[in-house]
Amino acid sequence: MSADVKIDAQYSHAREQYGVLGVDTDVALRKLATIAISLHCWQGDDVTGFENTGESLGGGIAVTGNYPGKARTGDELRSDLEMALAMIPGRHRLNLHALYAETGSKKVARDELLPEHFSRWIAWAKERKLGLDFNPSCFSHPLANDGFTLTSRDDAKRQFWIRHAIACRHIGAAMGAATGSPCVTNVWIPDGMKDTPADRRGMREILSESLDAVFAEKIDKRLNLDAVEGKLFGIGSESFVVGSHEFYYGYALRKDKLLCLDAGHYHPTESITDKISAVLAHLPEILLHVSRGVRWDSDHVVTLDDDLLAIAREIVVNDYTGRVHIGLDYFDASINRIAAWVVGTRAMLKALLAALLEPTERLRGFEASGDFTSRLVLQEEIKLLPLGAVWDMYCAQEGTPAGVEWWNKVRTYEKDILSQRK
């Protein structure tokens, strides 16, 4: 039996099984094809970027591992991304950080960056019909060495970072105009205290003033969407983070910004699943950064675990797919970096598919009638339905490898391309 015939046969059987519960697998696959995941460029080069300032990573960011073959140039990074995207079903997006500007032989300060410094990224994305997202890079820079950027009490430093964030909004708008899809420009800063602060209020007042300056200019939301991202703690900010979840939630509500929920930016035992419907009761849209924290915000490669399934379910069954911008955020230098992209993105898509295949209305009917036993029984039984057969059909429909076939292709790329990088 050929692979295609086997996929068809298994899918036919799965469609019948889901159909018994009132789930149309064909509809689920069509819906999945409309959901874009924003791949993070920094997985491909360990958050190095192209500035060559000689600065090591800072801002609580740590990449571990020395797997060979990381991208060293924009061309190499784009080539690696193309390989990853070819192994991922559907049409997706790319998330860029400002330190991935390509300025040629000229050094350009971050507060002087222009859309032209990302022209090669924009042309590449347009050619491949990819949307683009963007981020100011408020870390790994001499003016961030003391751990403070938009909250710095040094006015010159603070103004530099304000100008940088403003420049990034303009770049994001240019990306949105070029690709025909709004660019989500997300502001995250590492500012905080290693030990107990004496003046939390003062730092948060400074941050509010800085953000007001950054967002003072109105930009068409059809081009650029502003997001703000909080965090619980980080390396060097274990006791206090100025931009906490509560701070940015309030700011987003008051200033009409997207709130970014990062799966790794809360207490290690706290899930963001419950937060999605809570904040979307008040905000029109949010940004979601999907990562996998192991004991802390360690940004491990996303896998199809219970947390991811719960996050995807919250998005799908509440009809939030048009209100949640899904991006990945992790960096693992201990494994093949292209495989890290593929594993994480395919896991996110599998989780979304599992949610799309849930007999939600039947479950809600049991709940509404108070029949919690039937709800529990059905929740358990659907866990063993043949999700994999439906996933394989999706890969076949999208012209991407099913099963582990994609890894064989990536290994060939590693042998032919990555192994040549020294």
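Counting begins at 1 with the first residue of the sequence.
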Q.
Test salt bridge (Lys or Arg N to Asp or Glu O under 4.0 Å) on K157 and D146; report intermediate values, then the result.
A. CA-CA 10 Å; K157 289 183 179 180; D146 62 358; 3.5 Å; yes

Q. Quick one: do D46 and R337 make a salt bridge, cutoff under 4.0 Å?
A. yes

Q: Evaluate the criterion side-chain contact (heavy atoms from CB on, under 4.5 Å) for residue pair L353 and L349; output intermediate values, then yes/no.
A: CA-CA 6 Å; L353 178 58; L349 292 169; over 6 Å; no

Q: List in chain and number order the residues that pass side chain to side chain donor-acceptor pair (under 3.5 Å) with S334, two or more places apart in sequence or in another chain; answer none if no residue qualifies.
A: D332

Q.
Looking at every heavy atom in both Q43 and F331, which two are closest together, and how far apart are they?
A. OE1-CA, 3.0 Å

Q. With side chains defined as the heavy atoms from C-beta onward, is the minimum distance between H300 and S291 less than 4.5 Å?
A. no

Q) By side chain to side chain contact (heavy atoms under 4.5 Å, CB included), which residues pair with D195, not counting sequence neighbours? A) S239

**Q.** side chain to side chain contact (heavy atoms under 4.5 Å, CB included) partners of E285, counting only residues at least two apart
**A.** L225, L258, H325

Q: Kindly write out the residues that satisfy side chain to side chain donor-acceptor pair (under 3.5 Å) with R30, not counting sequence neighbours, or none if the list is empty.
A: none

(Q) Would the distance check show the side chain of S152 and the main-chain N or O of F148 forming a donor-acceptor pair, the cut-off being under 3.5 Å? (A) no

Q. Do the side chain of S119 and the main chain of P115 share a donor and acceptor less than 3.5 angstrom apart?
A. no

**Q.** Ring geometry between F160 and H164 (parallel below 30°, tilted from 30 to 60°, perpendicular above 60°)
**A.** parallel

(Q) For a quick test of reading the model, state the closest non-hydrogen atom pair linking L288 to I315 and the distance between them. (A) CD2-CD1, 3.6 Å

Q) Does H97 have its ring centroid less than 6.0 Å away from the ring centroid of F139? A) yes

Q | Side chain proximity check, L207 to D191, heavy atoms < 4.5 angstrom | A | no

Q) Just wondering, more than 12 heavy atoms not from R254 lying within 6.0 Å of its CZ? A) yes

Q) Going by an N to O cut-off under 4.0 Å, is there a salt bridge joining E82 and R128? A) yes

Q. Quick one: are the ring centres of H289 and W188 less than 6.0 Å apart?
A. no

Q: Check for a donor-acceptor pair, side chain of S210 on one end and backbone N or O of L150 on the other, with a separation under 3.5 Å.
A: yes

Q: Mark yes or no for whether T345, through its side chain, and V342, through its backbone, hold a donor-acceptor pair below 3.5 Å.
A: no

**Q.** Residues that H265 engages under side chain to side chain donor-acceptor pair (under 3.5 Å), provided they are two or more places apart
**A.** E229, D297

Q: Using atom types as modelled and distance alone, determine if a side-chain donor or acceptor of S237 lies under 3.5 Å from a backbone N or O of F240.
A: no

Q | Spatial distance of atom CG (D226) from atom CG (L287) [nearest 0.5 Å] | A | 11.5 Å

Q) With side chains defined as the heavy atoms from C-beta onward, is the minimum distance between N408 and T412 less than 4.5 Å? A) no

Q) Hey, are D24 and Y18 close enough side-chain-wise for a donor-acceptor pair under 3.5 Å? A) no

Q: Identify the two heavy atoms, one from A355 and one from A312, that lie closest to each other, and give their separation to 0.1 Å.
A: CB-O, 3.8 Å

Q) How would you list, by chain and number, every residue that makes a salt bridge (charged side-chain N to carboxylate O under 4.0 Å, His left out) with E112, sequence neighbours excluded? A) none

Q) By side chain to side chain donor-acceptor pair (under 3.5 Å), which residues pair with T269, not counting sequence neighbours? A) H267

Q | Residue pairs, two or more places apart or on separate chains, that pass salt bridge (charged side-chain N to carboxylate O under 4.0 Å, His left out) and touch residues 340-358 | A | R313-E358

Q: Answer yes or no: does atom NZ of K255 have more than 12 heavy-atom neighbours from other residues, nucleotides or ligands under 6.0 Å?
A: yes

Q) Which atom names give the shortest non-hydrogen contact between L261 and H245, and what distance separates them? A) CD2-CE1, 3.9 Å

Q: Specify whether W121 and W124 have parallel, tilted or perpendicular ring planes, treating 30° as the upper limit for parallel and 60° as the lower limit for perpendicular.
A: perpendicular

Q: May I ask you to decide if D45's main-chain N or O and T48's side chain share a donor-acceptor pair within less than 3.5 Å?
A: yes

Q) Who are the side chain to side chain contact (heavy atoms under 4.5 Å, CB included) partners of A252, not counting sequence neighbours? A) V228, K257, L259, L283

Q. Between Y251 and D212, do the side chains contain an N or O donor and an N or O acceptor separated by less than 3.5 Å?
A. yes

Q. Going from SG on C183 to NZ on K221, what distance comes out if it is rounded to the nearest 0.5 angstrom?
A. 15.0 Å

Q | Donor-acceptor contact below 3.5 Å, side chain R292 vs main chain V302 | A | no

Q: Flag this pair as yes if the NZ/CZ of K275 is under 6.0 angstrom from the six-membered ring centre of Y266 and inside a 45 degree cone about the axis; otherwise no.
A: yes

Q) Out of curiosity, I206 CD1 to R204 CZ, how far, rounded to the nearest 0.5 Å? A) 12.5 Å

Q. Atom CG of L21 and atom CG of L385: how far apart are they, to the nearest 0.5 Å?
A. 6.0 Å

(Q) Side chains of D329 and W42 only: does a donor on one sit below 3.5 Å from an acceptor on the other? (A) yes

**Q.** Atom pair OG (S79) and CD1 (I417), whose distance is rounded to the nearest 0.5 Å
**A.** 6.0 Å

Q | Separation of L356 CG from T25 OG1 (nearest 0.5 Å) | A | 11.5 Å

Q | L280 backbone acceptor or donor facing R323 side chain under 3.5 Å | A | yes

Q) Are F134 and F118 an aromatic pair by the rule of ring centers under 6.0 Å? A) yes

**Q.** For D155, all residues meeting side chain to side chain contact (heavy atoms under 4.5 Å, CB included), sequence neighbours excluded
**A.** R158, Q159

Q) Taking only residues two or more places apart in sequence, or in another chain, which ones meet H117 in a ring pair (Phe, Tyr, Trp, His ring centres under 6.0 Å)? A) none

Q. Are any of the side-chain nitrogens in E414 or R411 under 4.0 Å away from the carboxylate oxygens of its partner?
A. no

**Q.** Minimum-distance pair of heavy atoms, taken over all atoms of S137 and W161
**A.** O-CZ3, 3.3 Å

Q | Residue D306 excluded, over 12 heavy atoms near CG under 6.0 Å | A | no

Q) Would you call the rings of H40 and W341 parallel, tilted or perpendicular if under 30° counts as parallel and over 60° as perpendicular? A) perpendicular

Q | Atom of T149, atom of P190 and distance for their closest heavy-atom approach | A | OG1-CD, 4.3 Å

Q.
Please determine whether a side-chain nitrogen of the Lys or Arg among R364 and E361 lies less than 4.0 Å from a carboxylate oxygen of the Asp or Glu.
A. yes

(Q) Applying side chain to side chain donor-acceptor pair (under 3.5 Å) as the test, list every pair that has at least one member in residues 85-95; sequence neighbours left out. (A) R93-D133, R93-S181, N95-N135

Q. Is there a donor-acceptor pair closer than 3.5 Å between any side-chain N or O of D154 and the backbone N or O of A156?
A. yes

Q: Take atom CG of D199 as the centre, draw a 6.0 Å sphere, and report whether it contains more than 12 heavy atoms from other residues, nucleotides or ligands.
A: yes

Q: Decide whether T179 and K129 meet the rule of one side-chain donor and one side-chain acceptor closer than 3.5 Å.
A: no

